[in-house]
Amino acid sequence: MAKRFRSALISSANLLPLLAGIVYLVNRYIASFDFFLPYDFAHYQLGDLCGGIIFPAYVNVLCEAVSGKTPICNFASSLALSVGCSICWEVLAPMVLEFSTPDPLDACMYVIGGILYLKAFKLTADRRI
């Protein structure tokens with residue numbers, strides 16, 4: 001299992017999620033990208049877009065490590081995961097957490113991020129041996 005985990009984690013399919021993670025961390029903790037992106041996007045949606053890219057990669061790495069399969073590999077599975085995340089984070093979380101607010105644009109960012117991840121995944125999957 002450790003060998004599969006290492007292989008899944010270091011896969012070229014994770015280059016975009018790695019970049020998204022770096023963008024998220026820099027934008028959140030070091031320097032906001034609002035100097036070249038619209039302020040509202042940089043502060044309110046960019047993190048959700050990055051999350052929409054990172055979460056499917058996270059699911060694939062864990063599933064590949066445990067079962068050897070990558071479930072987020074087509075549009076239906078990517079959309080299902082993105083919509084599920086949107087419902088959890090933008091509908092259910094605001095019902096139980098005072099500091100959480102529903103935002104339809106965030107839900108759109110999760111879906112767009114999932115589609116971007118899927119495109120990058122398919123591009124790298126075509127080049128695998």
Trainee: Which distance, rounded to the nearest 0.5 Å, do you find between the CG of L123 and the CG of L118?
Mentor: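 L123 CG to L118 CG: 9.5 Å, rounded to 0.5 Å.
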Trainee: If hydrophobic clusters are built by linking Ile, Leu, Val, Met, Phe, Trp and Tyr wherever their side-chain heavy atoms come under 4.5 Å apart, do I112 and F33 end up in the same one?
Mentor: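 Yes, I112 and F33 fall within the same hydrophobic cluster.
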Trainee: Got Y110 and V83 here, is their nearest side-chain heavy-atom distance under 4.5 Å?
Mentor: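 Y110 does not reach V83 side chain to side chain.
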Trainee: Looking only at heavy atoms, which two atoms of T70 and E64 are closest? And how far apart?
Mentor: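 Of all heavy-atom pairs spanning T70 and E64, the closest is CG2-OE1, 2.9 Å.
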Trainee: Check P71 against C63 and note the closest heavy-atom contact, atom names and distance.
Mentor: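 Closest heavy-atom pair between P71 and C63: CD-CB, 3.5 Å.
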Trainee: Linking I/L/V/M/F/W/Y whenever any side-chain heavy atoms sit under 4.5 Å apart, do F75 and L49 land together?
Mentor: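 Unlinked, F75 and L49 end up in two clusters.
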Trainee: Can you see which heavy atom on L105 is nearest to which on Q45, and at what distance?
Mentor: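 Residues L105 and Q45, closest heavy atoms: CB-NE2, 3.6 Å.
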Trainee: Side-chain contact test, heavy atoms from C-beta onward, threshold under 4.5 Å: evaluate it for L25 versus I30 and give yes or no.
Mentor: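 Result no, sub-4.5 Å side-chain heavy-atom pair not found.
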Trainee: Could you check whether any side-chain N or O of D106 sits under 3.5 Å from a backbone N or O of D48, counting only pairs where one atom can act as donor and the other as acceptor?
Mentor: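 No, D106 side chain to D48 backbone: no donor-acceptor pair under 3.5 Å.
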Trainee: Transitively linked via ILVMFWY side-chain contacts under 4.5 Å: L46 with L16?
Mentor: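 Cluster IDs for L46 and L16 match.
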Trainee: Kindly compute the distance separating SG (C73) from CG (N60), expressed to the nearest 0.5 Å.
Mentor: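 The CG atom of N60 is 7.0 Å from SG of C73, to the nearest 0.5 Å.
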Trainee: Contact between P94 and P102 at the side-chain level, heavy atoms closer than 4.5 Å - yes or no?
Mentor: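 In contact.
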Trainee: Could you give me the CA-CA distance, side-chain angles and deciding distance for L19 and L15, then say whether side-chain contact (heavy atoms from CB on, under 4.5 Å) is met?
Mentor: CA-CA 6 Å; L19 177 63; L15 291 176; over 6 Å; no
Trainee: Return the OG to CD1 distance between S78 and I72, rounded to the nearest 0.5 Å.
Mentor: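 One gets 6.5 Å once the value is rounded to the nearest 0.5 Å.
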Trainee: Between atom CZ of F55 and atom OH of Y117, what is the distance when rounded to the nearest 0.5 Å?
Mentor: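 So the gap between those two atoms works out to 12.0 Å.
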Trainee: If you measure from CD1 on I53 to CG on N14, what distance do you get to the nearest 0.5 Å?
Mentor: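 One finds 12.0 Å between CD1 of I53 and CG of N14.
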Trainee: Rounded to the nearest 0.5 Å, what separation is found between the CZ atom of F41 and the CE atom of M109?
Mentor: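 If we round to the nearest 0.5 Å, F41:CZ and M109:CE are 5.5 Å apart.
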Trainee: I need the minimum non-hydrogen distance between G114 and P56, along with the two atoms involved.
Mentor: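 Looking at all heavy atoms of both residues, the shortest contact is CA-CG, 4.3 Å.
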Trainee: If you look at every heavy atom in V23 and C50, which pair is closest and at what distance?
Mentor: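 Nearest heavy atoms, V23 then C50: CG1-SG, 3.9 Å.
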Trainee: Please check this pair: side chain of T124 against backbone of F121, looking for a donor-acceptor N/O pair closer than 3.5 Å.
Mentor: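 Yes; at least one donor-acceptor contact below 3.5 Å.
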Trainee: Are L79 and I115 joined in one hydrophobic group, where the rule is that I, L, V, M, F, W and Y side chains link up if heavy atoms are under 4.5 Å apart?
Mentor: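 In one cluster: yes.
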Trainee: If you compare all heavy atoms of N27 against all heavy atoms of A42, which two are closest, and at what distance to 0.1 Å?
Mentor: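 Heavy-atom minimum between the residues: ND2-O, 2.7 Å.
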Trainee: Out of curiosity, does I22 fall in the hydrophobic cluster containing F35 (side-chain heavy atoms, cut-off under 4.5 Å, transitive links)?
Mentor: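 Yes; tracing contacts between hydrophobic side chains, which count when under 4.5 Å, links both residues.
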